[in-house]
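Heads up: the structure comes next, in structure tokens.
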Number of protein chains: 4
Amino acid sequence: MKKSVPSLVKDPELIKKRREQMVKGAVRLFIEKGFHRTTTREIAKESGFSIGTLYEYIRSKEDILYLVCDAIYEEVRDRLAYHLDTDNKGIDRLKKAVAAYFQVIHDMQDEVLVMYQEAKSLPKEALSYVLQKEVEMTEMIEQVIRECAKEGVIHVHDAQVKLVAHNILVQGHMWTFRRWQIQKHFSLEDYTNLQIEQLLQGVNHRLM
Amino acid sequence: MKKSVPSLVKDPELIKKRREQMVKGAVRLFIEKGFHRTTTREIAKESGFSIGTLYEYIRSKEDILYLVCDAIYEEVRDRLAYHLDTDNKGIDRLKKAVAAYFQVIHDMQDEVLVMYQEAKSLPKEALSYVLQKEVEMTEMIEQVIRECAKEGVIHVHDAQVKLVAHNILVQGHMWTFRRWQIQKHFSLEDYTNLQIEQLLQGVNHRLM
Amino acid sequence: MKKSVPSLVKDPELIKKRREQMVKGAVRLFIEKGFHRTTTREIAKESGFSIGTLYEYIRSKEDILYLVCDAIYEEVRDRLAYHLDTDNKGIDRLKKAVAAYFQVIHDMQDEVLVMYQEAKSLPKEALSYVLQKEVEMTEMIEQVIRECAKEGVIHVHDAQVKLVAHNILVQGHMWTFRRWQIQKHFSLEDYTNLQIEQLLQGVNHRLM
Amino acid sequence: MKKSVPSLVKDPELIKKRREQMVKGAVRLFIEKGFHRTTTREIAKESGFSIGTLYEYIRSKEDILYLVCDAIYEEVRDRLAYHLDTDNKGIDRLKKAVAAYFQVIHDMQDEVLVMYQEAKSLPKEALSYVLQKEVEMTEMIEQVIRECAKEGVIHVHDAQVKLVAHNILVQGHMWTFRRWQIQKHFSLEDYTNLQIEQLLQGVNHRLM
DNA sequence: AATGAATGAGGCTTCATTCAT
DNA sequence: GATGAATGAAGCCTCATTCAT
């Protein structure tokens, strides 16, 4: 499943190090001008080595995009997992999870933005792999919701679980994608609180 | 504000006709392979005229993207406005609005997808203009919410209005962006009902 | 069978004209430095147009090689056919044919040399097509031999016909391939006469 | 005259061994894809050592081609010399020589093919040296012819000697270069016999 | 107004060669 | 002596744009 990008260089340590440089450089450039407007030479330069060296560690420009997306997902997931790893109980578990997720997205705004904007340019197979990561993310959130439901602190029928998970995920993306609007009106804290309030109580309309 | 694209041709009728052909052709191609991977030659061919003629009606490839985005927004807004133009009252007004919006998005899935994925490649000024359209859309939704609130059928404090509007908008996008996941699990009708339920009542947790 | 090279340009007249320029320029360069050491830009320049224009008339560098080989074969064959088209009778028919063939090869030395040295770099399919031309050439010579045999002026059993045709063909190539040796020792006339003598009488060894 | 390729390594035994590996690997690759399409990296790998090591034993890629051509010539000549070293007398001496030569070429088809196709890519000086080997080969054959003539078993005037030698040589090459045609129609034995027959008697035309 | 041939800057990638370890 | 990572010149090709007809 994990499509490992072939390299002409043998030393795994070196591969890791160089690819980290490369991803870091590429992200910076992709954020600035997007994947298509960034040249391989620019990536090499920004990464601190020559174009020849770049191609010792990848086969094509698309490989770089893949490495970038993979790296970003990995980091988002790791950070999220780290924050979810608490012993919160009750409704707090969900609240903290949402807050943690929004915080992670906030901290990695540019990266997340790039990934969601450029992933579509991945070759089919690589795209599938990356989308799979998105599924995993969804499942992590679903898991939290289900646990809260099991504890009885929220009432949510089965179909809703998946939907709510997606909603939360997308509200995270929204924080970056619509930042030019949203971040003008809300601090991250306010945004988080409001979304949680909305999530738990809805718009609280008169009972029908 | 409206950045009108200059044309070498004078006859406005003709301009309108040719640009419609052009947008139609371009959308088809952008959906298939994205903006960057589509060539101007292909667009000309798909539009039914020559590359020379294409450049009689635009100055640059980016102009086409602008026309495309503009056309899509225009259509989404028009359709939505058409559907909102009812005399629904009470909570129904909001429900119907959301349903109508989702339906419009559903009917124009590919176009919406393309627009949100490629708009980032617009030159700054054009991007601003397009984002302005997004603001207008948000305001249309906000308006509905505010009216419901005024009627007293929902209780929503001021800060929430904007947020909820954004949420609804983004839940529409989600229907296209995450279709590979969401549309596997929900019909449009179910999706709509569930999102409305969620919007109004939240996950309905125990009162604290 | 005839693999016609696709062109972006429509006008057949123009295609013919530009490709003639191209082939002429390419032959000059291939003679000088070989196919692999000649760049597409050099070919464009030598042909009198830009690299962009070059690629309006071909898809790849290999296409040029194909056009070159095809053009050379075509010319050799046409010239040969022209010379063979006489009403010589008897042994003279064969003698004149060989002389004519050698003359053609002599006149097109560089081209012939290039073709035989570089054809191996053609993509498979194109190579097959070119080799087919070689078969046709052989058959033209075989034809002459067979006619002489039918007239009874030479005695040659069936198996020999093909072999002798090949021999003659190859003796033509030899005049170009080994010119650094052969042309030092023989004039074309001497070479022709000697080869004909050898062809007809062998080394004339004592009967066994 | 013999252009010895400089090496950074001193030990002559080692040089010999490594170069043998190298030539063997290179020939295999050249046969498969030609000189220009074979990379030095591939040669190193096929030879069983690293690219760094490769360059300890040569200065440039062309050196490899030179070593390859040299090795092939050497082997052809040695094998031929071995076969010529008999005490055949009379016309048999020539017949056996031709047969032996054809057999050697047959046994080394691929190598011979590569050499004649790629030698043109040698730098000038190296090319001269290799061509000199071709001269030597010719002289070996000339020698046999002259001896037969001296014995009186064939009648061949002076100018013919060189020509016949070249013819024989080229008929050997022909066995490999035109194999796609010739080997379809003749076994090596038949080919040999027919060529000898042709060589000795010509097409045996009616006396004029 | 329409056409499409011409242009050339610039993108991606390869590969012979070097050199520090 | 052996290794293989690093280099960058240079090659092939694309494509947005122009302009003569």
Side-chain angles (χ1 to χ4, degrees), chain A residues 7-11 14-15 17-18 36-45 48-64, chain B residues 7-11 14-15 18 36-45 49-64, chain C residues 7-11 14-15 18 36-45 48-64, chain D residues 7-11 14-15 18 36-45 48-64:
Chain A
S7 163
L8 292 179
V9 173
K10 299 294 171 63
D11 181 358
L14 201 49
I15 294 182
K17 179 179 151 198
R18 291 276 179 265
H36 282 103
R37 293 201 211 280
T38 301
T39 70
T40 51
R41 273 209 252 284
E42 288 170 323
I43 296 171
K45 194 171 181 188
F49 36 71
S50 72
I51 183 66
T53 298
L54 184 75
Y55 274 89
E56 293 278 304
Y57 294 92
I58 51 153
R59 287 162 313 172
S60 70
K61 196 186 173 192
E62 283 172 345
D63 277 350
I64 305 178
Chain B
S7 161
L8 293 179
V9 175
K10 292 306 156 207
D11 181 356
L14 199 50
I15 295 182
R18 291 276 181 261
H36 281 104
R37 293 200 212 280
T38 301
T39 70
T40 51
R41 261 158 146 132
E42 288 171 320
I43 294 170
K45 193 173 182 191
F49 38 72
S50 73
I51 182 69
T53 299
L54 185 77
Y55 273 87
E56 297 280 314
Y57 295 90
I58 52 154
R59 288 162 311 171
S60 71
K61 194 186 174 190
E62 283 170 345
D63 277 350
I64 306 177
Chain C
S7 163
L8 292 180
V9 173
K10 297 295 171 61
D11 181 357
L14 200 50
I15 294 181
R18 291 275 180 264
H36 282 104
R37 294 200 210 279
T38 301
T39 71
T40 51
R41 273 211 251 282
E42 286 171 324
I43 295 172
K45 194 172 183 189
F49 35 72
S50 72
I51 183 69
T53 299
L54 183 76
Y55 275 90
E56 293 279 305
Y57 295 92
I58 52 155
R59 288 161 311 173
S60 70
K61 195 185 173 192
E62 281 172 346
D63 277 349
I64 305 178
Chain D
S7 162
L8 293 179
V9 175
K10 292 308 154 204
D11 180 355
L14 200 48
I15 296 182
R18 290 277 182 258
H36 281 103
R37 294 201 211 278
T38 301
T39 70
T40 50
R41 260 158 145 133
E42 289 170 320
I43 295 171
K45 192 172 182 191
F49 37 72
S50 73
I51 183 66
T53 300
L54 184 77
Y55 273 86
E56 295 281 314
Y57 294 91
I58 52 155
R59 287 161 313 171
S60 71
K61 193 185 174 192
E62 282 169 346
D63 277 349
I64 305 177

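Just so you know, these numbers come straight off a predicted model, no measurement behind them. By convention in this document, chain letters (A, B, ...) are assigned in the order of the sequence lines, proteins followed by strands, and residues within each chain are numbered from 1.
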Requested in this report: Give a yes/no on whether any side-chain N or O of B/Thr39 is located under 4.0 angstrom from OP1 or OP2 of F/dC15.
Outcome: no

Query raised in the report: Tell me: CD of D/Glu62 to P of E/dC15, nearest whole Å?
Result: 16 Å

Report summary line: Shortest non-hydrogen pair, B/His36 vs B/Lys61, comes out as O-NZ, 3.8 Å

Query raised in the report: Just how far, in rounded Å, is C1' of F/dG1 from CZ of D/Arg18?
Result: 8 Å

Report summary line: note: A/Tyr57, atom OH; E/dT13, atom C1'; distance rounded to Å ~ 17 Å

Query raised in the report: Which of these nucleotides, F/dT17, E/dA1, F/dT7, is closest to any side-chain atom of B/Ser60?
Result: F/dT17

Report summary line: Between C/Arg41 and A/Glu56, whichever has its closest DNA chain E nucleotide further toward 5' is C/Arg41

Query raised in the report: Looking only at atom types and distance, does a side-chain atom of A/Ser50 sit under 3.5 Å from a main-chain N or O of A/Ala44, one as donor and one as acceptor?
Result: no

**Report entry** Under 4.0 angstrom between A/Tyr55 side-chain N/O and F/dA6 OP1 or OP2
**Finding:** no

**Report entry** Separation between CD1 of B/Ile15 and CG of B/Leu8, rounded to the nearest 0.5 Å
**Finding:** 9.5 Å

Query raised in the report: Side chains of D/Asp63 and D/Tyr57: closer than 4.5 Å at any heavy-atom pair?
Result: no

Requested in this report: Write down the distance between CZ (A/Arg37) and P (F/dA16), rounded to a whole number of angstrom.
Outcome: 11 Å

**Report entry** Pairing partner (Watson-Crick or G-U wobble, both distances under 3.5 angstrom) of E/dC15
**Finding:** F/dG8

Report task. Check every atom of E/dA5, E/dT17, F/dA5 against the side chain of C/Asp11 and return the nucleotide holding the closest atom. Result -> E/dA5

Query raised in the report: Paired with E/dT21 by Watson-Crick or G-U wobble geometry, both distances under 3.5 Å: which nucleotide is it?
Result: F/dA2

Report task. Can you tell me the distance, in whole Å, between the CD1 atom of D/Ile51 and the P atom of F/dA2? Result -> 14 Å

Query - D/Lys61 vs E/dA16: side-chain N/O to OP1/OP2 distance below 4.0 Å - result: yes

Query raised in the report: Within the structure, does a side-chain N or O atom of B/Thr53 lie under 4.0 Å from either OP1 or OP2 of E/dT3?
Result: yes

Query raised in the report: Taking OP1 and OP2 of F/dA6, is either one under 4.0 Å from a side-chain nitrogen or oxygen of A/Ser50?
Result: no

**Report entry** Nucleotide F/dT18, atom C1' - distance to CZ of C/Phe49 in whole Å
**Finding:** 19 Å

Query raised in the report: When we call it a touch if two heavy atoms are under 4.0 Å apart, what does D/Leu14 touch: a base, just sugar-phosphate, or nothing?
Result: sugar-phosphate

Query raised in the report: Do the side chains of B/Ile58 and B/Thr40 get nearer than 4.5 Å, heavy atoms only?
Result: no

Query raised in the report: Can C/Arg18 and C/Val9 be said to form a side-chain contact (heavy atoms from CB on, under 4.5 Å), step by step?
Result: CA-CA 10 Å; C/Arg18 291 275 180 264; C/Val9 173; over 6 Å; no

**Report entry** Whichever of D/Leu8 and A/Leu8 has its nearest DNA chain F nucleotide further upstream toward 5'
**Finding:** D/Leu8

Query raised in the report: To the nearest Å, how far apart are B/Glu42 CD and F/dA16 C1'?
Result: 13 Å

Report summary line: Here the distance between atom C1' of F/dA16 and atom NE2 of A/His36, to the nearest Å, is 15 Å

Report summary line: Per nearest nucleotide of DNA chain E, the residue lying toward the 5' end, A/Thr38 or B/Gly52, is B/Gly52

